Amino acid sequence: MLLVYRKIKTPLGSMQAAISEGGLCRLLFPSEDANRWNLWFDRHFGRIPEIGESPLIDDVESQLNEFLAGKTRSFDVHLDLRGTDFQTTIWNRLLEIPYGATVTYGDIAFEMGISGGSRAIGGAVGSNPVPIIIPCHRVLGASGQLVGFAGGIDVKERLLELEGARIPFGS
């Protein structure tokens with residue numbers, strides 16, 4: 001089974017992108033702990049990906065750089081999402097958040113009928129394996145504050161500013 005990764009260069013720094021036969025399965029921010037990478041692959045694939053080349057990784061790198069340069073607003077990448085049914089439901093919901101828009105964890109919980117479910121939503125959003133592609137940066141805390149982002153709050157703010165999203169004062 002195909003499972004390869006390589007470092008990709010982006011304006012955010014050197015990220016890691018991994019693909020399986022099903023598509024892009026994991027992106028890692030420069031600031032993320034590499035141990036999380038290994039644990040994630042061990043849990044979902046039972047092995048660690050090998051360093052390798054792939055036209056899909058090249059395409060992901062190109063699309064990320066176009067997005068981060070403001071040249072495109074969406075992605076056309078096959079994804080191989082690995083997670084619980086609840087997590088994949090939340091990740092698919094995140095894909096529906098329009099470019100430049102934001103929602104809160106509570107908004108999603110309310111919409112899904114999960115009373116008091118902001119924490120559960122936050123856990124699923126926080127385990128998003130392909131950030132930016134699945135726009136978890138568009139999810140804010142209860143008062144609109146910038147919280148919880150694997151790439152760092154400064155990167156979240158940068159992504160939202162790129163999209164022209166309204167970011168509350170004092171975030």
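What you see is a predicted model, and the numbers here were worked out from it, not measured in a lab.
Put simply, Phe110 and Ile108 are part of two different groups of oily side chains (I, L, V, M, F, W, Y) that touch within less than 4.5 Å, one to the next. By the rule that hydrophobic residues join a cluster once side-chain heavy atoms approach within less than 4.5 Å of another member, Leu95 and Val60 end up as members of one cluster.
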Ile121 vs Ile90, side chain to side chain contact (heavy atoms under 4.5 Å, CB included): CA-CA, chis, key distance, verdict: CA-CA 7 Å; Ile121 301 300; Ile90 300 304; 3.4 Å; yes
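Hydrophobic cluster of Phe45: the remaining members, joined at side-chain heavy-atom separations below 4.5 Å, are Met1, Leu3, Tyr5, Leu28, Trp37, Trp40, Phe41, Ile48, Ile51, listed by chain and number.
Once rounded to the nearest 0.5 Å, the distance linking CG of Leu2 with CG of Leu56 reads 9.0 Å. Between the CD1 atom of Ile134 and the CG atom of Asn92 there is a distance of 7.0 Å, given to the nearest 0.5 Å. Remark: Arg36 CZ to Arg43 CZ distance equals 9.0 Å, nearest 0.5 Å. How far CZ of Arg26 is from CD1 of Ile133: 13.0 Å, rounded to the nearest 0.5 Å. Atom-to-atom distance recorded for Leu68:CG and Leu12:CG is 5.0 Å, nearest 0.5 angstrom. From Ile132, atom CD1 reaches atom NZ of Lys156 across 12.5 Å, with rounding to the nearest 0.5 Å.
A heavy-atom distance below 4.5 Å is found between the side chains of Val130 and Leu81. Tyr105 places a side-chain heavy atom less than 4.5 Å from the side chain of Val147. Side-chain contact between Val77 and Leu79 is present, with heavy atoms from C-beta onward closer than 4.5 Å. Contact check for Ser14 versus Lys9: no side-chain heavy atoms found under the 4.5 Å cut-off. Side chains of Leu160 and His137 form a contact here, defined as non-hydrogen atoms less than 4.5 Å apart. Considering only heavy atoms from C-beta on, Thr104 stays 4.5 Å or farther from Val139 through its side chain. Between Glu111 and Val103 there is no side-chain heavy-atom pair separated by less than 4.5 Å. Side-chain atoms of Asn65 and Lys71, non-hydrogen and from C-beta on, never get closer than 4.5 Å to each other.
Of all the heavy atoms in Ile57 and Ile8, the pair that sits closest is CG2-CG2, 3.7 Å. Minimum interatomic distance between Val125 and Cys136 (heavy atoms only, all atoms of both residues): CG1-CB, 3.6 Å. Closest heavy-atom contact between Thr89 and Met112: CG2-CE, 3.4 Å. Among all heavy-atom pairs drawn from Ser31 and Gly151, the shortest one is OG-O, 3.5 Å. Here the closest non-hydrogen pair linking Ile19 and Leu24 is CG2-CA, 3.9 Å. Residue Leu146 comes nearest to Glu157 through the heavy atom pair CD1-CB, 3.6 Å, listed as atom of the first residue, atom of the second, then distance.
With hydrogens and angles ignored, the 3.5 Å screen pairs no side-chain donor or acceptor of Gln16 with any backbone N or O of Lys7. For the pair Glu32 (side chain) and Phe29 (backbone), a donor-acceptor distance under 3.5 Å is present. Side-chain atoms of Arg138 never come within 3.5 Å of backbone atoms of Ala101 as a donor-acceptor pair (strictly under, hydrogens ignored). The backbone N or O of Thr84 sits less than 3.5 Å from a side-chain atom of Thr88, completing a donor-acceptor pair. The backbone N or O of Leu140 lies less than 3.5 Å from no partner atom in the side chain of Gln145, so there is not a single donor-acceptor pair.
The pair Glu53-Arg6 counts as a salt bridge, with a side-chain nitrogen and a carboxylate oxygen less than 4.0 angstrom apart. Electrostatic pairing of Arg73 and Glu163 does not count as a salt bridge here, judged by no charged N lying under 4.0 Å from a carboxylate O. Between Asp107 and Arg93, no side-chain nitrogen of the basic residue sits less than 4.0 Å from a carboxylate oxygen of the acidic one, so the salt-bridge criterion is not met.
Ring orientation note: the planes of Phe67 and Phe75 are tilted relative to one another, at an angle of 30° to 60°.
Side-chain contact check for Gln87 and Ser127: at least one donor-acceptor pair (N or O, by modelled atom type) lies under 3.5 Å. In the model, Gln63 has a side-chain atom that pairs as donor or acceptor with a side-chain atom of Asp59 under 3.5 Å.
Asp80 meets the salt bridge (Lys or Arg N to Asp or Glu O under 4.0 Å) test with Arg82; sequence neighbours excluded.
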